[in-house]
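Reading through the structure tokens given below for one structure.
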Amino acid sequence: MKIPTATYRLQFTSQFTFEMAKTIIPYLSELGISDIYASPILKAQSGSTHGYDVVDPNQINPELGGQEEFEKLIEVVQEKQLGWIQDIVPNHMAFSSQNPLLVDVLENGPNSQYKDYFDIDWEHPYEGIRHRVLAPFLGKFYGDCLESGELKIQYDQNGFTINYWDWKFPIQIESYGNILDHNSEELRNKLGRTNPDFVKFLGVLYAINAIQYIPPGSGHRERYEQISFIKSMIWELWNDNPEIKAFIEKNIEVFNGEVGKPESFDLLDDLLDKQFFRLAFWKVGNEELNYRRFFTVNDLICVRVEERGVFDQSHKLILQLIEENKITGLRIDHIDGLYDPKQYLIRLRNQAENTYIVVEKILEPHEKLRVNWPIEGTTGYDFLNYVNGIFCYQESEAEFEQCYSQFIGDVLKCDKLVDENKRKILEKHLAGDIDNLAHLLKRIADQYRYSSDFTIYGLKAALVEVMAAFSVYRTYISGEVSGEEVNYEVSKLDQECIAQVIAKTQENIPSFLNELINEISFIQKFLLLQFDEHLTSEDKKQWLHFVMRQQQFTGPLMAKSVEDTVLYIYNRLVSLNEVGSTPGHFGFSLEEFHGFNQERCSDWPHAMNGTSTHDTKRGEDMRSRINVLSEIPEEWNEYLQLWKKMNGGYKDTVRGLDVPTPNDEYFLYQTLLGIYPFDDQDKGEFVQRIKDYLIKAIREAKVNTAWLRPDMGYEEGFLKFVDSLFKETKQNKFLPSFRKFQQKIQHYGIFNSLSQTLLKITVPGVPDFYQGTELWDLTLVDPDNRRPVDFKKRLKLLNEIKSQWKKNKSALFADLLKHPADGKIKLFTIVQALKARHEYQDLFQRGDYQKLPVNGSLKYHIVTFMRTWNEQSAIVIAPRFLTKLIKEDEYPLGEQVWHETRISLPTGPSAVWKDALTGQEIQGENTLWIRDILKEFPVALLIKETSNQEG
């Protein structure tokens, strides 16, 4: 297996294709990257900006260059001896008329050969969507769309479709007769009964009527052959006989109705009622749904990859590319959405034995990745939150909390917000999903004497309580059916998790609601698979299915309520509001950070270490800046009060509410400090980026406006407020005040970023770099972080660094520190550290991890540890919390800063350590002095090759 030294994420779109990527491969190789980490490249919906909306899993996306250009790119990648890690999407596909498998299902319903490919409940309890697929894509109520003429029948070589804007829904073949037979006497009179084309036309009608008599057990082949025959005959008549073409066109016009005459749409309404899909207002999907979506996205339909046939078909091309050694690694998107993640991973590993595999998995701080998964680890959100957390000054939590509460005039508790918003999401966005679970549970409960009196209302209420109490994304209880036997697994971790959930649920239930407590106890038995003795194997299968189905929905609930809601409401310190974070937890201690890394070293030494991804809420260097506020809460509070007074006059009032509200204003100031550019160039672009982001952020918060109910007055007032802050006028006192404070935050943020970068490269795991982040990453959540990357600029700076390194190292260091705005100082740190990773590959991939004791009054300002493998050792030194050590125009270098601060080494002979970043040599026996190490550069990576070197 090829273990990456360092990965680099590329976001492929029609604006960044395979051909364009070829030109940057030499640069990435020079940077020190060992593996390209590619966004999804399989055929997606036209114009897709992310590739997760796949329409054909066995075709390379033509918009990216298709198979031919991909092969050419892989040749260049392999010439540079790089690997290719591919992001794949086993959980879902696009619900789109561009998806041929889904189109087949929409046309043929339960008769489709792909009926079981998608996660559809064909036996839904609601009659309106039983044996049909809900299609919630209408912009208004169905009746309004129908009678306004927005739904239209159209015909082409592929047959009849119902068209709605870009959508083309295929009409089932049985309904063709409704259109073709309408007023057929008119056609007979025009052509004559014996006309050959009319006889052929009658033959088509006969074939349509006969297709319903194809025996169910005869398989799909005969039905598909008949459909193909019927469609070809109609197309032939359409092209060969003008009278028949005109007749069909007239019938289509009649069926399409006439706006202003409601009764004229009766034919189309009746026709639509017979289809295997049910068109509906898009909001219906939140409350009534019979297919599983990705989170709450209606146009992403989930697939049943747990079925062997589905797995084989959806992975055919990917596994072929692995076999051809064109793909050397896989990143599995949204592993928690799968019915049985462990089964999927085992199946994948069996067919990709020597492939590097990581999963996108959110781990809460107290949660462990399942060690029985045959993978190398996660994509690194867990690392991101630990490394970010050690730059949050924990001792100021109380003061910072007071500052936040004082400004917003309220005391927000993160745990309470999470609970409240889980319930709101369940009520408004996942109501259909929880309803489906309740109906499934009700069908099972009705079979037992102890639960037969539980109502659907009571079970649903109990499920809401239980689902809201989960503190992790999901459990992983699994099982399989073998004949009459049901084998299942409930791990100790899952038992503990469910015990905590039930305990928390019972605490939340008032004592007088005895019925609800009984229902929760019933659900507890289900979740733990505590089967009654008299249960049959069929009963056990139903229990197991409910549990495995329920596990698929706690993840979306966590994601929508925490990631996409609370992280935009609880704004105490927004640098802590990241994917997989617990923002109520004010950072991490060094002990917790070291403990995490030691566990990583033992269990998951090849997991990814990410600091920015395509899904992070803020760029890594933006977070590094905002973390500085945790060190200076008193000064932060002074500026907040000053700005509040300065800018109060810029606020509008909307329905008695000042715009923005204090919480949104507090959020804005932190965001501005984090994103403001190093210079004042392109301020117009910067302000527009902020405004675009704010609309997304406040809609995600769902407090003053929302995607489902946008409050245009509030939004416009907020944007007007932002414009006022950046007007270049003498009256604007905010801008000079802001710039003064922002430059201070920016200065200290630089050193946080350098420390974070070095830690990512040197701790156990594979360092991952999101495109463009080798320079300062002051980006916001997508789409802001998916803007084009200037690779020419990066290559130019890299060449400058290498040239200056050869000429005069000391001059290079001085220049990097003097001019940090261009990001060369970060790029230099990455290049040098990755060079060391390549040279000492075993040390960083296989070496142990030891925290080192730091002595002196400034010991809490140094993050340090040692990696050791055989005779090789490395010591990493990364400063933090520098606002207390240096002034705004100073650097954390030399004796005047570090005084007597020193690292104690394990007992051993004297050695010469060489800094892989600067090249300087340090003599060390049992002690290393920080003042000697950090003389020319703010971070250090010391390497010792043998244990008996002498100075």
Side chains of P788 and F16, heavy atoms from C-beta outward: is any pair under 4.5 Å? no
Nearest heavy-atom approach of V897 to Y891 is CG2-O, 3.7 Å
- Query: Are a donor atom and an acceptor atom from the side chains of Q688 and D692 found within less than 3.5 Å of each other?
  - Reply: yes
_Between Q406 and Q402, is there a side-chain donor-acceptor contact under 3.5 Å, judged purely by atom types and distance?_
no
Heavy-atom nearest pair, W898 first then P892, reads NE1-O, 3.0 Å
message: Centroid separation under 6.0 Å, is that true for the rings of F734 and Y650?
response: no
With a 4.0 Å cut-off on N to O distance, would you call K651 and E665 a salt bridge?
yes
Within the 4.5 Å heavy-atom criterion, are Y404 and Y666 side-chain neighbours or not?
yes
One thing to verify: whether K617 and D564 come together as a salt bridge, which I'm taking to mean a side-chain N less than 4.0 angstrom from a carboxylate O. yes
CD1 (I830) and CD1 (I825) are apart, to the nearest 0.5 Å, by 11.5 Å
Minimal heavy-atom distance between L668 and F721, with the atoms involved, is CD2-CE2, 3.8 Å
Under a 3.5 Å distance rule, please check whether Q731 uses its side chain to pair with a backbone N or O of E728 as donor and acceptor.
no
Exercise for review: Could you check if a side-chain atom of E774 sits within less than 4.5 angstrom of a side-chain atom of F769, using non-hydrogen atoms only?
Suggested key: no
- prompt: Where do K796 and E800 land on the salt bridge (Lys or Arg N to Asp or Glu O under 4.0 Å) test, with the steps shown first?
  reply: CA-CA 6 Å; K796 176 176 176 290; E800 287 177 4; 2.8 Å; yes
Atom CD of E395 with >12 non-hydrogen neighbours under 6.0 angstrom: no
Exercise for review: Report yes or no: does S589 contribute a side-chain atom to a donor-acceptor pair with the main-chain N or O of E592 at less than 3.5 Å?
Suggested key: yes
Exercise. Looking just at side-chain N and O atoms, do Y381 and T613 make a donor-acceptor pair shorter than 3.5 Å?
Worked result: yes
Charged N-O contact under 4.0 Å between R623 and D777
no
Is it the case that over 12 heavy atoms from other parts of the model lie below 6.0 angstrom from the NZ atom of K733? no
Closer than 4.0 angstrom, basic N to acidic O: yes or no for R9 and D768?
no
Should we count NZ of K859 as having more than 12 external heavy atoms under 6.0 Å?
no
Practice task
Could you tell me whether D782 and K696 have a side-chain N and a carboxylate O separated by less than 4.0 Å?
Solution key: yes
With side chain to side chain donor-acceptor pair (under 3.5 Å) as the test, would you mind laying out the steps for N808 and Q804 before giving the verdict? CA-CA 6 Å; N808 188 326; Q804 290 174 297; over 6 Å; no
Quiz item: Are F593 and Y386 near enough that their ring centres are under 6.0 Å apart?
Solution: no
Any side-chain to backbone donor/acceptor pair from S396 onto S630? Under 3.5 Å, distance only.
yes
Note to self: Quick check against the 3.5 Å criterion: does T864 have a side-chain atom that pairs as donor or acceptor with the backbone of V876?
What the structure shows: yes
**OP:** State whether D822 and K793 are salt-bridged, where the test is any N-O pair (Lys NZ or Arg NE/NH1/NH2 against Asp/Glu carboxylate O) under 4.0 Å.
**Re:** no
Non-hydrogen side-chain atoms of N663 and Y570 separated by less than 4.5 Å = no
> With a 4.0 Å cut-off, would you call K851 and E591 a salt bridge?
Replying inline: yes
- Message: Side chains of E715 and T705: any donor to acceptor distance under 3.5 Å?
- Response: yes
For the residue pair Y714 and D664, confirm or rule out a side-chain donor-acceptor distance under 3.5 Å.
yes
Is the backbone N or O of Y676 less than 3.5 Å from a side-chain atom of R625, with the two atoms forming a donor-acceptor pair by type? yes
Charged N to carboxylate O under 4.0 angstrom, R689 versus E685?
no
Taking every heavy atom of G717 against every heavy atom of V659, the minimum-distance pair comes out as C-CG1, 3.5 Å
Side-chain donor-acceptor contact under 3.5 Å, E936 with S810: yes
Are W929 and T901 packed together at the side-chain level, in the sense that at least one heavy-atom pair is separated by less than 4.5 angstrom?
no
Counting only heavy atoms not in K884, do more than 12 fall under 6.0 Å of its NZ?
-> yes
**Prompt:** Do we see a donor-acceptor contact under 3.5 Å between the side chains of W643 and S737?
**Reply:** yes
Would you check if the side chain of E888 reaches a backbone N or O of Q743 as a donor-acceptor pair within less than 3.5 Å? no
Closest heavy-atom pair, I922 versus I933, reported as atoms and distance to 0.1 Å, is CD1-CA, 4.1 Å
* Asked: Do E578 and R618 meet the salt-bridge criterion of a basic N to acidic O distance under 4.0 Å?
  -> no
TODO: Decide if the gap between the ring center of Y37 and the ring center of Y770 is smaller than 6.0 angstrom.
DONE: no
- Do NZ/NE/NH1/NH2 and the carboxylate oxygens of E401 and R572 come within less than 4.0 Å? yes
In this structure, CD1 of I675 is separated from CD of Q742 (nearest 0.5 Å) by 11.0 Å
message = Regarding D784 and T779, do their side chains bring together a donor and an acceptor under 3.5 Å, going by distance alone?
response = no
| query | Are any side-chain N or O atoms of N609 and backbone N or O atoms of P767, one a donor and one an acceptor, separated by less than 3.5 Å? | reply | no
*Validation row: L735, L725 side chains within 4.5 angstrom (heavy atoms)*: no
Paired with K824, the side chain to side chain contact (heavy atoms under 4.5 Å, CB included) test is passed by just one of L816, L775, L798, namely L816
query: What about Y669 and F738, are their ring centers closer than 6.0 Å?
result: no
- Query: So with a 6.0 Å cut-off around OH of Y860, is the heavy-atom count from everything else above 12?
  - Reply: no
Review point. Can you tell me if CG on N799 sees more than 12 non-hydrogen neighbours from other groups inside 6.0 Å?
Key: yes
Note: L629 and F400 closest approach over all heavy atoms is O-CE1, 3.2 Å
Check: Quick one: does V763's side chain get under 4.5 Å of F865's, heavy atoms only?
Finding: yes
Interatomic distance, CG@L778 vs CG@L673, rounded to 0.5 Å, equals 12.0 Å
- Donor-acceptor under 3.5 Å (E631 side chain, Y393 main chain): no
Short side-chain to backbone donor-acceptor contact, H861 and P879, under 3.5 Å: no
Crowding at CD, E634 (>12 non-hydrogen neighbours, <6.0 Å): no
Kindly indicate whether a cation-pi arrangement holds for K809 with W805, taking the cut-offs as under 6.0 Å to the six-membered ring centre and within 45° of the axis. yes
Notebook entry, point to check: Would K835 and Q832 count as having a side-chain donor-acceptor pair, cut-off 3.5 Å?
Noted result: yes
### Query
Do the side chains of E635 and F741 get nearer than 4.5 Å, heavy atoms only?
yes
Would you say the side-chain atoms of T616 pair up with the backbone N or O of S612, donor to acceptor, closer than 3.5 Å? no
Using only heavy-atom distances, determine whether the side chains of N732 and T729 contain a donor-acceptor pair under 3.5 Å. no
